[in-house]
Amino acid sequence: MKNYTESLPRVSQFPKRVTLELTNSCNLNCVFCPRKHMDGHLGYMSRELAEKLIDEMADNLPVTMVPFFRGESLLHRHWYEILSYAKQKGIGPIQFTSNGTRLNKDAAEKILDLEIEFISFSLDTIDATLYESTRLGAKYEKVLDNILQFLDLKKKRNAKLPQVQISAVETEQHKPGMKDFIQYWQPKVDRVRVYVEHSSSDHPGTIDAPLPSFSKRLPCHKPFEDLIVLWDGNIALCNHDWTREKNRSIGNVSSQSIVSVWNSERYQYIRIMHENGILDKEPLCAHCDHWKMFYLDEGYLGQLYTKEER
């Protein structure tokens, strides 16, 4: 493990990474997805709000942008225009995620045209029956064809971007076939990421898998580096904050700037709680295990396999 004193977070004047939840609507009902915790209205971020936030990000470069949280971003009718605007403004890297169901040829061509830096497709298994019984609403062969077509189009263009990741959530159902999953995809994509299953309890962010023990609770880096904007402009605490609608508001960037929310008394108070390890007033953080990733040598939980490692 890292020397924790050298790994303690330092707040930046502007978030290093901004997540824009283009929508919290999804066309699938995955049995292991934390969406079961979500208890708010479904909606789509307005193009005007997205561009307002991108403009502010452009004034504070460099900023990583993640146009995805809690939903399938390709359902947003203006996803291409929003990402294109971000590219024009010099935002980056842009890190996109999709379940692949809406990745038709037109969408694939547009993503390649954008030259975003990174895209991840969530698949979990090469067993069609298991896939369709856990990612309810998706057809395995169709999604597989979509992704293989995307990879073929990228190859024909001789394009370096985006870097392509195939991901899996290592549930008990998926574990037996994980080796075959990795072997199938590792030669085809830049990286295969296996995520630990999380949020299976009533508390988002919890992990059932064995994790290193620490003598005390250390500060999570997310409140110091990452900003999560929900589709309606409300601010979530991190990408495990699936239930912010039930909890006290942190701020809303529809009526405020990113900077004003980021430097607000509320946000500063959350950081102080992390620095002092006293999180009883923020239940999400009190029950979450993901803070440990920042103090591991790898810097992440789960496994990562790259093409070069073959």
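Residues take their numbers from the sequence shown, with the count starting at 1.
- The nearest pair of heavy atoms linking Tyr267 to Ala236 is OH-O, 4.1 Å.
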Under the ring pair (Phe, Tyr, Trp, His ring centres under 6.0 Å) criterion, do Phe14 and Trp262 qualify, and how do the steps go? CA-CA 7 Å; Phe14 194 86; Trp262 186 245; 7.7 Å; no

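- Arg271 places a side-chain N or O within donor-acceptor distance of the main-chain N or O of Pro223, the cut-off being under 3.5 Å.
- When the side chains of ILVMFWY residues are joined at heavy-atom separations under 4.5 Å, either directly or via intervening members, Val259 and Leu20 end up in a single hydrophobic cluster.
- To the nearest 0.5 angstrom, Leu74 atom CG is 10.5 Å from Lys110 atom NZ.
- Contact check on Asp124 versus Arg135 returns a salt bridge, with a Lys/Arg side-chain nitrogen under 4.0 Å from an Asp/Glu carboxylate oxygen.
- Shown here are the salt bridge (Lys or Arg N to Asp or Glu O under 4.0 Å) partners of Asp59, two or more places apart in sequence or in another chain: there are none.
- Nearest heavy-atom pair across Ser260 and Gln256 is OG-CB, 3.4 Å.
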Hey, mind stepping through Phe32 and His174 against ring pair (Phe, Tyr, Trp, His ring centres under 6.0 Å) and telling me if it holds? CA-CA 11 Å; Phe32 47 82; His174 294 137; 5.6 Å; yes

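- Side-chain polar atoms of Thr101 and Asn27 form a donor-acceptor pair below 3.5 angstrom.
- Among all heavy-atom pairs drawn from Ile94 and Ala86, the shortest one is CD1-CB, 4.0 Å.
- Side-chain atoms of Lys155 and Phe150, non-hydrogen and from C-beta on, never get closer than 4.5 Å to each other.
- Cluster annotation: Leu296 and Leu218 are assigned to the same hydrophobic cluster (Ile/Leu/Val/Met/Phe/Trp/Tyr, side-chain heavy-atom contacts under 4.5 Å, transitive).
- By the 4.5 Å heavy-atom criterion applied to side chains, Arg217 and Leu279 are counted as neighbours.
- Residues passing the salt bridge (Lys or Arg N to Asp or Glu O under 4.0 Å) test with Arg102: none are found, sequence neighbours excluded.
- Checked against salt bridge (Lys or Arg N to Asp or Glu O under 4.0 Å), Glu48 has no partners two or more places apart in sequence or in another chain.
- The shortest side-chain heavy-atom distance between Cys26 and Arg35 falls under the 4.5 Å cut-off.
- Considering all non-hydrogen atoms of both residues, Ser46 and Leu49 come closest at OG-N, 3.0 Å.
- By the 30° and 60° cut-offs, the orientation of the rings of Tyr140 relative to Tyr131 is perpendicular.
- With hydrogens and angles ignored, the 3.5 Å screen pairs no side-chain donor or acceptor of Lys307 with any backbone N or O of Arg191.
- Geometrically, Arg47 does not engage Trp231 in a cation-pi contact defined by less than 6.0 Å to the ring centre and at most 45° from the axis.
- A donor-acceptor contact closer than 3.5 angstrom links the side chains of Asn234 and Asp232.
- Of the N and O atoms on the side chains of Gln268 and Ser264, not one donor lies less than 3.5 Å from an acceptor on the other residue.
- Under 4.0 Å is where a charged nitrogen must lie from a carboxylate oxygen, and between Lys175 and Glu170 no such pair does.
- A donor-acceptor pair shorter than 3.5 Å cannot be found between the side chains of Arg193 and Gln165.
- Looking at Asn276, its side chain never comes within 3.5 Å of a backbone N or O of Ile278 through a donor-acceptor pair.
- Residue Leu144 is grouped with residue Leu103 when hydrophobic side chains (ILVMFWY) are merged at heavy-atom distances under 4.5 angstrom, including chains of intermediate members.
- When side chains are defined from C-beta on, Arg157 counts as touching Glu109, because their heavy atoms get closer than 4.5 Å.
- Using a 4.0 Å cut-off between charged nitrogen and carboxylate oxygen, Glu56 and Lys89 do not count as a salt-bridge pair.
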Residues Trp185, Phe121; criterion ring pair (Phe, Tyr, Trp, His ring centres under 6.0 Å); working and verdict: CA-CA 11 Å; Trp185 283 109; Phe121 299 114; 8.7 Å; no

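- In this structure, Lys139 places its NZ atom where only 12 or fewer heavy-atom neighbours from other residues, nucleotides or ligands lie under 6.0 Å away.
- For Lys105 and Asn146, the side-chain atoms include no donor-acceptor pair closer than 3.5 Å.
- Between the Asp241 side chain and the Leu237 main chain, a donor and an acceptor come within less than 3.5 Å of each other.
- A salt bridge is defined here as a Lys NZ or Arg NE, NH1 or NH2 lying under 4.0 Å from an Asp or Glu carboxylate O, and Asp152 with Lys188 fails to meet this definition.
- If you check the side chains of Asn24 and Tyr44, you find no donor sitting under 3.5 Å from an acceptor.
- The only member of Val164, Ile147, Thr306 that meets side-chain contact (heavy atoms from CB on, under 4.5 Å) when paired with Val189 is Val164.
- A cation-pi arrangement, defined by a distance under 6.0 Å to the six-membered ring centre and an angle within 45 degrees of its axis, is absent between Lys292 and Phe294.
- Note on Val169: it does not cluster hydrophobically with Val66, by side-chain heavy-atom contacts below 4.5 Å among ILVMFWY residues.
- Transitive grouping of hydrophobic side chains (ILVMFWY, heavy atoms separated by less than 4.5 Å) keeps Leu75 and Ile82 in distinct clusters.
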Using the side-chain contact (heavy atoms from CB on, under 4.5 Å) rule, take Thr97 and Ser122 through it: C-alpha gap first, then chi angles, then the decisive distance, then the call. CA-CA 8 Å; Thr97 297; Ser122 311; 4.1 Å; yes

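- Minimum interatomic distance between Phe69 and Asn239 (heavy atoms only, all atoms of both residues): CE1-O, 3.2 Å.
- Between Trp242 atom CH2 and Leu230 atom CG the span is 11.0 Å, to the nearest 0.5 Å.
- Closest approach of Pro162 to Ile111, counting heavy atoms only: CG-CG2, 4.4 Å.
- The main-chain N or O of Pro219 is found under 3.5 Å from a side-chain atom of Tyr295 such that the two form a donor-acceptor pair.
- For His76 and Phe68, the distance between ring centers is not under 6.0 angstrom.
- For Gln95 and Arg17, the side-chain atoms include at least one donor-acceptor pair closer than 3.5 Å.
- Within the 4.5 Å cutoff, side-chain heavy atoms of Leu53 are placed close to those of Val229.
- Taking NZ of Lys281 as the start and CE of Met273 as the end, the distance is 8.5 Å to the nearest 0.5 Å.
- With Thr125 contributing its side chain and Leu130 its backbone, the two residues share no donor-acceptor pair below 3.5 Å.
- Around atom CD of Gln149, more than 12 heavy atoms belonging to other residues, nucleotides or ligands sit under 6.0 Å away.
- Side-chain atoms of Ser254 and Asn252 form a donor-acceptor pair, as typed in the model, at a separation below 3.5 Å.
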